[in-house]
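Have a look at the structure below before the remarks.
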Amino acid sequence: MRLGAHVSIKGGIENSPYYGKLATCEVIQIFSKNQLQWNSKDIDLSTSLNFKNKCKEYNIEPLSIHASYLINLASPNKDLQEQSITDLAKELEKADELGIRYVVVHPGAHMGEGDINGIKRVGNAIKEVFKRSNSKRSILLLETTAGEGSVLGYRFEQLRDMLDLTNNTSRMGVCFDTCHVFAAGYDIRTEDSFENVLYDFNKKIGLKYLNLFHLNDSKRDLGERLDRHEEIGLGKIGINAFKFLVNYNLFSSLGGILEIPGDIDGYKRNLSILRRLIDGENL
C-alpha cells in the first residue's frame with residue numbers, strides 16, 4: 001500500500017506537495033479550499049503547473065481532494081442540495097486541472113426524511129453533478145461513514161444503492177475509512193474479522209469499487225456510530241487491523257491516507273509505524 005496523509009494547503013495549493021515531503025508521504029490528500037466555506041477560487045494555469053511540478057520533484061502522487069464538509073447531497077433543503085451539487089461539480093473540475101485522480105465526499109444526512117428518501121436524493125444529486133461538471137477524468141468516491149445522527153453511508157448496502165442510482169459507476173467508487181467502518185459496527189480488529197468485512201463489502205458493492213483507504217484508528221468502540229479518529233494503534237481498533245490491511249496483496253497499489261494527528265511530526269510518526277508493519281517489525 002502506498003502511504004500518505006491529508007496535508008495542508010497553507011500558502012496555496014502548490015505548497016501541499018512540500019508538506020507531503022516533510023511528512024514522508026508517497027501520496028497526499030488535500031482540501032482544494034477552506035472546507036468550511038462555500039467560496040471557491042478557480043485553479044489558474046500557473047498554480048496547476050506549479051503544483052504538478054512540485055509533485056514530480058518530490059515524487060509524490062496527489063491522490064485525492066476531500067470535498068467540503070458543508071456538502072450534503074441527501075439534504076431535503078433544496079437550496080442546500082443545490083449548493084452542494086454546484087460545489088461538488090467544481091471539485092471534480094479542480095481535480096482534473098490538478099491531475100488528481102479522486103474526489104472524496106461524505107454522502108450526506110437525510111435530516112429526518114428517512115434512509116430511502118435520502119439515498120434517492122444522493123443518487124439523483126450525483127447524476128446532476130456529472131451533468132454540470134466539465135470534468136472528464138476524475139473519479140468521485142463516496143466515503144464510508146460512522147452513521148452519526150441521520151448520516152447515510154454507514155452500511156455497505158446504502159453505498160451500493162447510491163452507486164446504482166447514479167448510472168455512472170465508471171466514474172464512481174468508495175473510500176473506506178477504517179474508523180468510520182468500525183464505528184458503524186463492522187469489526188475489523190483481527191485478520192479473520194477484517195476478511196469477513198471485506199467479503200461482505202465485495203458481496204454488497206464489489207472490491208473493484210474500493211479505490212482508497214483513510215487510515216484512522218478510533219477513539220470510540222465498535223458500533224457506537226461516533227466519528228472520533230485516533231492515531232494508529234492507540235485506539236479501539238488496534239494495531240493488528242492495520243498490519244493486516246497494509247500487507248493485503250489486493251490493495252498493494254492503493255493509497256492509504258492518514259487524517260490524524262494532522263501535523264508533520266505526527267504524520268511522520270504514524271507513517272513510520274505503518275511502514276514498520278509492512279516490513280514485518282514487531283511494535
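Positions are given from 1 along the sequence.
Between R155 and D200 no salt bridge is recorded (no basic side-chain N to carboxylate O distance below 4.0 Å). Salt bridge E26/R2: absent, no basic N to carboxylate O contact under 4.0 Å. Taking the charged nitrogens against the carboxylate oxygens, R101 and E61 do have a contact shorter than 4.0 Å, which makes a salt bridge. Between K78 and E82 there is no salt bridge, since no side-chain nitrogen of the basic residue lies less than 4.0 Å from a carboxylate oxygen of the acidic one. We find that E148 and R228 are joined by a salt bridge, their nearest charged nitrogen and carboxylate oxygen being less than 4.0 Å apart.
The number of heavy-atom neighbours closer than 6.0 Å to CD1 of I116, taken from other residues, nucleotides and ligands shown, is 12 or below. The environment of K203 atom NZ is sparse: at most 12 non-hydrogen atoms of other residues, nucleotides or ligands sit within 6.0 angstrom. Within a 6.0 Å radius of NZ in K268, other residues, nucleotides and ligands contribute 12 heavy atoms or fewer. Taking a 6.0 Å sphere around OH of Y58, one finds it holds more than 12 heavy atoms contributed by other residues, nucleotides or ligands. Enclosure of atom CG in N59 is not indicated, since only 12 or fewer non-hydrogen atoms of other residues, nucleotides or ligands lie within 6.0 angstrom. Taking a 6.0 Å sphere around NZ of K120, one finds it holds 12 or fewer heavy atoms contributed by other residues, nucleotides or ligands. Counting non-hydrogen atoms of other residues, nucleotides and ligands closer than 6.0 Å to CG of D44 gives a total above 12. Annotation: Y199, atom OH; neighbour count of heavy atoms from other residues, nucleotides and ligands within 6.0 Å does not exceed 12.
The minimum heavy-atom distance linking I60 with C25 is given by the pair CG1-O, 3.5 Å.
At least one donor-acceptor pair closer than 3.5 Å links the side chain of R137 to the backbone N or O of D96. Using a distance-only test at 3.5 Å, with no hydrogens or angles considered, no donor-acceptor pair links the side chain of N124 to the main chain of I126. In this structure, the side chain of S16 engages the main chain of I13 through a donor-acceptor pair within 3.5 Å. Panel note: side chain D217, backbone G233; a donor-acceptor pair is recorded below 3.5 Å. A distance-only check finds no donor-acceptor pair linking the side chain of T144 to the backbone of Y154 [under 3.5 Å]. A distance-only check finds no donor-acceptor pair linking the side chain of S135 to the backbone of E93 [under 3.5 Å].
At a threshold of 4.5 Å between side-chain heavy atoms, the hydrophobic network of Ile, Leu, Val, Met, Phe, Trp and Tyr places F213 and F244 in one connected group. With hydrophobic clusters built from ILVMFWY side chains whose heavy atoms lie under 4.5 angstrom apart, Y248 shares a cluster with L258. Residues M111 and I85 are members of separate hydrophobic clusters, defined by side-chain heavy-atom contacts under 4.5 angstrom among Ile, Leu, Val, Met, Phe, Trp and Tyr.
When each of Q29, E259, H66 is tested with H6 by the rule side chain to side chain donor-acceptor pair (under 3.5 Å), just one qualifies, namely Q29.
Atom-to-atom distance recorded for D177:CG and L215:CG is 8.5 Å, nearest 0.5 angstrom.
The aromatic rings of F176 and F156 sit tilted relative to each other, their planes meeting at an angle between 30° and 60°.
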Item to check | Derivation and outcome, salt bridge (Lys or Arg N to Asp or Glu O under 4.0 Å), residues R121 and E113 | outcome: CA-CA 10 Å; R121 286 196 186 93; E113 295 291 306; 3.8 Å; yes

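With sequence neighbours left out, R269 forms a salt bridge (charged side-chain N to carboxylate O under 4.0 Å, His left out) with E231.
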